[in-house]
Amino acid sequence: MRVLITGAAGFLGSHLSERFLDDGHEVIGVDNFITGSKDNTAYLAGFEGFSLIEHDISESLFIDEDIDGVLHFASPASPVDYLELPIQTLKVGSLGTHNALGLAMAKGARFLLASTSEVYGDPLIHPQPETYWGHVNPVGSRGVYDEAKRFAEAMTMAYHRYHGVETRIVRIFNTFGPRMRPGDGRVVSNFIVQALRGDPLTVYGDGSQTRSFCYVKDEVEGIYRLFHQNERAEPVNIGNPVEFTIQELADIVIEETGSSSVIERMPLPDDDPKVRQPDITLARKLLDWEPQVDLREGIQKTIPHFRSEIERHDAQARTIE
Ligand code: NAD
Ligand code: UDP
């Protein structure tokens with residue numbers, strides 16, 4: 001198979017590309033590096049089946065080769081990134097999804113959309129099943145991401161119903177692991193970097209808000225299986241259903257890094273969801289899939305990545321001095 005993955009230089013896109021390459025498939029990566037890293041694609045370039053097109057998918061893309069699958073992962077994903085890049089986020093969720101769907105239709109390829117638990121917003125139903133329509137503030141600051149993804153889901157279903165494109169939609173819940181950028185602003189990367197540097201861990205609000213964290217290898221395996229199954233075009237939740245408060249996450253990071261960092265309370269961002277936990281009944285049944293790595297083990301596997309990123313960053317800073 002030859003698949004095209006937008007956002008291939010990003011955290012999830014690079015792991016997903018590697019999953020396809022490991023199985024002997026060809027991957028064409030598309031990325032404009034707005035939040036991605038050239039290191040991730042340099043690493044993928046070691047695979048014979050990988051090629052890269054530097055392109056903004058919010059603009060049309062024409063490809064000569066036959067393609068069997070288009071997987072649309074391009075989008076700023078960290079709240080810090082999408083609040084800094086609101087228009088680009090709305091464009092890649094709307095125009096970018098339209099372009100990626102158009103490409104899939106032209107090639108007769110299967111399409112998979114990387115959607116998000118953010119379509120549930122600040123949820124009033126807990127845990128969240130796929131049947132929940134969500135509770136999103138369309139004009140709040142997070143609306144640029146949440147509504148772009150909700151539009152992307154609607155566009156994907158329209159291409160499925162009207163044009164007959166084979167579609168898959170994954171609603172991804174908070175995922176972490178190696179290859180996240182140290183400065184991407186998400187909670188796991190922030191806490192591990194702060195703990196390794198001995199800086200205070202910045203807990204927003206009182207730390208009682210919850211998230212359910214999935215290790216990247218588990219997440220990618222679920223997405224890979226979802227892409228290949230032949231039963232369901234509509235959304236499927238993929239995430240780890242074990243829920244933690246942000247304070248509990250901070251405690252685990254401090255323990256696993258052996259850090260002497262303290263906690264620093266900061267204001268809670270606008271519209272920050274109070275709880276989030278996937279109902280994965282459907283994924284279990286449809287994909288025979290279940291996360292294998294718990295939060296503590298995932299944090300242990302992730303710490304070495306951030307340690308080497310910090311060392312590299314500090315070495316570069318010394319060279320510049
Ligand atoms: P990331 O920021 O690491 O990767 C996103 C990639 O998309 C980057 O390489 C970026 O340069 C690229 N990109 C952005 N806009 C682009 C454009 N217009 N054209 C081409 N490339 C563009 O983020 P991630 O965590 O890897 O997230 C990947 C996808 O998964 C996103 O669509 C995100 O919404 C979704 N998702 C991720 C999570 C998570 O916890 N990581 C949760 C829910 C959904
Ligand atoms: N958070 C925090 N400290 C940080 C970064 C984030 O307490 O340094 C909190 C944030 O307010 C949210 C949770 O951690 O409640 C998860 O934030 P993240 O940005 O990782 O992703 P989100 O799930 O909000 O999209």
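Here the structure is a predicted model, which is why all the values come from computation and not from measurement. Heavy atoms only: backbone and side chains are in, while hydrogens, waters and symmetry mates are out. When a ligand or atom number is given, it counts from 1 through the structure's own listing order.
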Fill in: Quiz item: cation-pi between R19 and Y224, 6.0 Å / 45°
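Judged by the rule (NZ or CZ under 6.0 Å from the ring centre, within 45° of its axis), R19 counts as positioned above Y224.
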Considering non-hydrogen atoms only, spot the tightest contact between [X] and [Y] and give its length.
X    : Y    : result
V80  : G185 : CG2-CA, 3.9 Å
P291 : P241 : CG-CD, 4.0 Å
R168 : N230 : NH2-CA, 3.8 Å
F151 : G93  : CD2-O, 4.1 Å
K149 : S75  : NZ-CB, 3.9 Å

I want to know if ligand 2 touches [X] in the polar sense, i.e. an N/O pair below 3.5 angstrom.
X    : value
R211 : yes
Y82  : no
R142 : yes

Worksheet item: Is H160 reaching over with its side chain to a backbone N or O of E234, donor-acceptor style, under 3.5 angstrom?
Response: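 No.
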With a 4.0 Å cut-off on heavy atoms, is [X] touching ligand 1?
X    : answer
T6   : no
H72  : no
K149 : yes
R186 : yes
F176 : no
G96  : no
S115 : yes

Option of least heavy-atom distance to [atom] (set: [options]):
atom                    : options             : result
atom 11 (O) of ligand 1 : D31, V170, I5, I57  : D31
atom 37 (C) of ligand 1 : N99, L12, V30       : L12
atom 24 (P) of ligand 1 : A77, A74, G239, P76 : A77
atom 5 (C) of ligand 1  : G36, G13, G29, S75  : S75
atom 10 (C) of ligand 2 : V187, D272, T245    : D272
atom 2 (C) of ligand 2  : F173, Y204, F213    : Y204

Just distances here: any N/O of [X] and N/O of ligand 1 closer than 3.5 Å?
X    : result
D81  : no
R181 : no
G10  : yes
I34  : yes
I172 : no

I need the nearest protein heavy-atom contact for [atom]: residue, atom name and distance, please.
atom                    : result
atom 13 (C) of ligand 2 : I246 CD1, 3.6 Å
atom 3 (N) of ligand 2  : T202 O, 2.5 Å
atom 21 (O) of ligand 2 : N174 ND2, 3.6 Å
atom 2 (O) of ligand 1  : T35 OG1, 2.7 Å

Fill in: Polar side chain donor-acceptor pair, N174 to R276, under 3.5 angstrom
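There is such a pair between these side chains.
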Discussion item. Looking only at side-chain N and O atoms, does N240 offer a donor or acceptor that is under 3.5 Å from a partner on S212?
Written reply: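 On atom types as modelled, these side chains do not qualify, holding no pair under 3.5 Å.
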Worksheet item: In terms of heavy-atom contacts, does CD of E65 have more than 12 from other residues, nucleotides or ligands at under 6.0 Å?
Response: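 Result for CD/E65: enclosed.
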Worksheet entry | Heavy atoms of other groups near K107 NZ, more than 12 under 6.0 Å |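 Yes, because the 6.0 Å sphere around NZ of K107 holds more than 12 heavy atoms from other groups.
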Which of the atoms in ligand 1, numbered in the order shown and given with their element, are less than 4.0 Å from a heavy-atom of [X]?
X    : value
S58  : 18 (N)
G7   : 6 (C), 7 (O), 12 (C)
H55  : 19 (N), 20 (C)
F33  : 11 (O)
Y145 : 33 (C), 34 (O), 36 (N), 43 (C), 44 (C)
D56  : 17 (C), 18 (N), 19 (N)
N174 : 40 (O)

Considering only heavy atoms of [X], which atoms of ligand 2 have at least one such atom less than 4.0 Å away?
X    : answer
V203 : 7 (O)
N190 : 4 (C), 5 (C), 8 (O)
P269 : 11 (O)
Q209 : 9 (C), 11 (O), 15 (O)
R186 : 19 (O), 20 (O)
E118 : 25 (O)

Discussion item. Checking salt bridge (charged side-chain N to carboxylate O under 4.0 Å, His left out) between R171 and each of E153, E130, E118, which is the one that passes?
Written reply: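 So the option named by the test is E153.
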Item to complete: Calculate, to the nearest 0.5 Å, the distance between atoms OG1 and CG belonging to T319 and D314 respectively.
Response: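 T319 OG1 to D314 CG: 10.5 Å, rounded to 0.5 Å.
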Discussion item. In the structure I gave you, are the side-chain heavy atoms of I299 and T257 within less than 4.5 Å of one another anywhere?
Written reply: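 With C-beta onward as the side chain, the pair stays apart.
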Practice prompt. Go through L196 and I310 one step at a time and tell me if the side-chain contact (heavy atoms from CB on, under 4.5 Å) criterion holds.
Written response: CA-CA 9 Å; L196 290 174; I310 288 172; 3.8 Å; yes
Worksheet entry | Ring-ring centroid check F213 F244, cutoff 6.0 Å |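 That pair fails the under 6.0 Å test.
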Item to complete: Kindly say whether the aromatic ring centers of F176 and F11 come within a distance under 6.0 Å.
Response: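 For F176 and F11, the ring centres are not under 6.0 Å apart.
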Worksheet item: Quick one: does R276 get within less than 4.0 Å of ligand 2, heavy atoms only?
Response: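 Yes; R276 lies near enough to ligand 2 that a heavy-atom distance drops under 4.0 Å.
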Worksheet entry | Worked verdict on T202 versus Q194 for side-chain hydrogen bond (donor to acceptor under 3.5 Å, both in side chains) | CA-CA 8 Å; T202 50; Q194 289 161 346; 2.9 Å; yes
Discussion item. So if I apply the side chain to side chain donor-acceptor pair (under 3.5 Å) rule between R181 and each of N40, D81, D39, T35, which one comes out positive?
Written reply: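 It is D81, the one option of N40, D81, D39, T35 that forms the side chain to side chain donor-acceptor pair (under 3.5 Å) with R181.
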Fill in: Which segment of T175 sits under 4.0 Å of ligand 1 when only heavy atoms are counted
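Both backbone and side chain.
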Discussion item. Check for me, please, whether F191 and F173 land in the same ILVMFWY cluster - side-chain distances under 4.5 Å, paths through other members count.
Written reply: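 As far as the 4.5 Å side-chain criterion goes, F173 and F191 are not connected within one cluster.
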